[in-house]
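The structure appears below as structure tokens.
Computed from a prediction, not measured in an experiment: that's the story for all the values here.
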Amino acid sequence: MKIIDLRVRCVAIPLKAQLRHNTGVHPGYFLRTILELITDEGIVGLGEVGGGDQRAALTKLKPRIVGLDPFHLETIKMKVLRSIYYMSNARLYAAIEMACLDIQGKVLGRPMSDLLGGRLREEIPFIGYLFWRYDREDGKHDERAEDLADYCVQLHEELGVNAMKLKAGVMDPMEEARVLELCRKQLGNDFGLRIDPNGVWSVQTAVKVGKRLEDLGIEYFEDPSWGLEGNAAVRKQVRIPIATNMYPNKFDDLGPAIRLGAVDIILTDIHYWEGPKGVKDLCAVCNTFNLGIAMHSGAEFGIELAAMLHTASTIPTMNYAGDAHYHYLTDDIIQEGLFQYKDGKLKVPDGPGLGVNLDEEKMEKYERLYEEKGDYYARFHADAYKPDWFPIVGGI
């Protein structure tokens, strides 16, 4: 079997609100680049990647993989990921590996999880991911801690989720700490709490927030300050596990992070860690050094979410509910429709490969929306309500 073609399309799906974060705003839609790898036997593998419009970047890689066997992932990795010293192609390679594993599963008639060692669980628990929102469904904005705490209760009741994470670094740090305090009061001691300012706080601010939250028994404090040194400094002063999807988020920085004592829990991500198989490599290192394992969300649609579910189902030590932006989406591009939460969990697909299929009518619809809206990454997640605003790292 040989790869004979690569097709790429950009799609945008509306959200239930604009989502604020410490570098701007997701402006009412998420966008993804969808990859199709076509083989000479007519089998098509699906992949997905975020980070803006990646069509040109993936198309440049096409000559490197056409003619290769989709089962020969080590060769593909060498030609895509390891061959250009001044470029970081991990994100792009991961989409290609995803598609190759989809092809392999379809050829073998087995789900992707079987190619990664076999699933240990049929359902994966997820959190209620909290963002400060503009333009909620009621037309209002989130302005105080009570708004997010009420939304957390709503997600608990509607989706069955039993943990949350606040995307912080937007409002006053003490007001953001108060969100977790209210959630603990309203949802009880068994409800999981997390906070993630994405490294924007100074060490001093992060320590101040952390000490305030220590008695809540939160699951982890994610990327409290900037860089490996920042996380390590906070970890020495706060009695809360430190988690990361930023430092490290690649194998080059994993050794230094361990030597510095910068982290307790690493969030897996198919794109940062070189595909589903790379995530398994990461987990082996985490197990060696007794680091915890959780799962990062990158605003994925159904193709990548399926890959995440398959991968997570094979990891024995993934003891935390996974991150997901998914409950903010109004639709999906797969024939199966939106994944449905049941008791806070999503079911691992059963079909061969990823177990999901593209809905061409939805693809055409959301391609048109992308062409209308454009690539918001080119505008650095601009805040329409605060057009002159920009992030100041360590300045809060």
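Taking the six-membered ring where the residue is Trp, F191 and H156 present perpendicular rings, their angle passing 60° and hence far from 30°. Relative ring orientation between F221 and W201 is described as perpendicular, the plane-to-plane angle rising above 60° on a 0-90° scale split at 30° and 60°. The aromatic rings of Y129 and H325 lie tilted to each other, with the angle between the two planes from 30° to 60°.
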Practice problem: Determine, stepwise, if the pair L19 / F30 fulfils side chain to side chain contact (heavy atoms under 4.5 Å, CB included). | Solution: CA-CA 10 Å; L19 308 180; F30 286 154; 3.8 Å; yes
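Inspection of the S313 and R119 side chains reveals no N or O donor paired with an N or O acceptor under 3.5 Å. Counted by atom type alone, T23 and N198 present zero donor-acceptor pairs between their side chains at under 3.5 Å.
Judged by the 6.0 Å distance and 45° axis criteria, R133 is positioned over the aromatic ring of Y151.
Ring centroids of F301 and Y326 are separated by 6.0 Å or more, keeping the two rings apart. The aromatic ring centroids of F131 and H21 lie 6.0 Å or more from each other.
Among residue pairs with one or both ends in residues 341-370, none qualify as ring-ring contact (aromatic ring centres under 6.0 Å, His included); sequence neighbours excluded. Every pair passing side-chain hydrogen bond (donor to acceptor under 3.5 Å, both in side chains) that includes a residue from residues 37-52 is listed here, sequence neighbours excluded: R32-E48. Judged as a side-chain hydrogen bond (donor to acceptor under 3.5 Å, both in side chains), the pairs with a partner in residues 275-286 (not counting sequence neighbours) are, in order, K280-T314. Among pairs with a residue in residues 174-183, those fulfilling side-chain hydrogen bond (donor to acceptor under 3.5 Å, both in side chains) read W132-E176, E146-R178, E175-R178, E181-R212, at least two apart in sequence or across chains. Identified under the salt bridge (Lys or Arg N to Asp or Glu O under 4.0 Å) test for residues 152-167, with sequence neighbours left out: K165-D196, K165-E222, K165-D323, K167-D196.
Other residues, nucleotides and ligands contribute over 12 non-hydrogen atoms within 6.0 Å of the NZ atom of K106. In this structure, E361 places its CD atom where only 12 or fewer heavy-atom neighbours from other residues, nucleotides or ligands lie under 6.0 Å away.
Among residues two or more places apart in sequence or in another chain, the ring pair (Phe, Tyr, Trp, His ring centres under 6.0 Å) test is passed with H141 by Y134, Y385.
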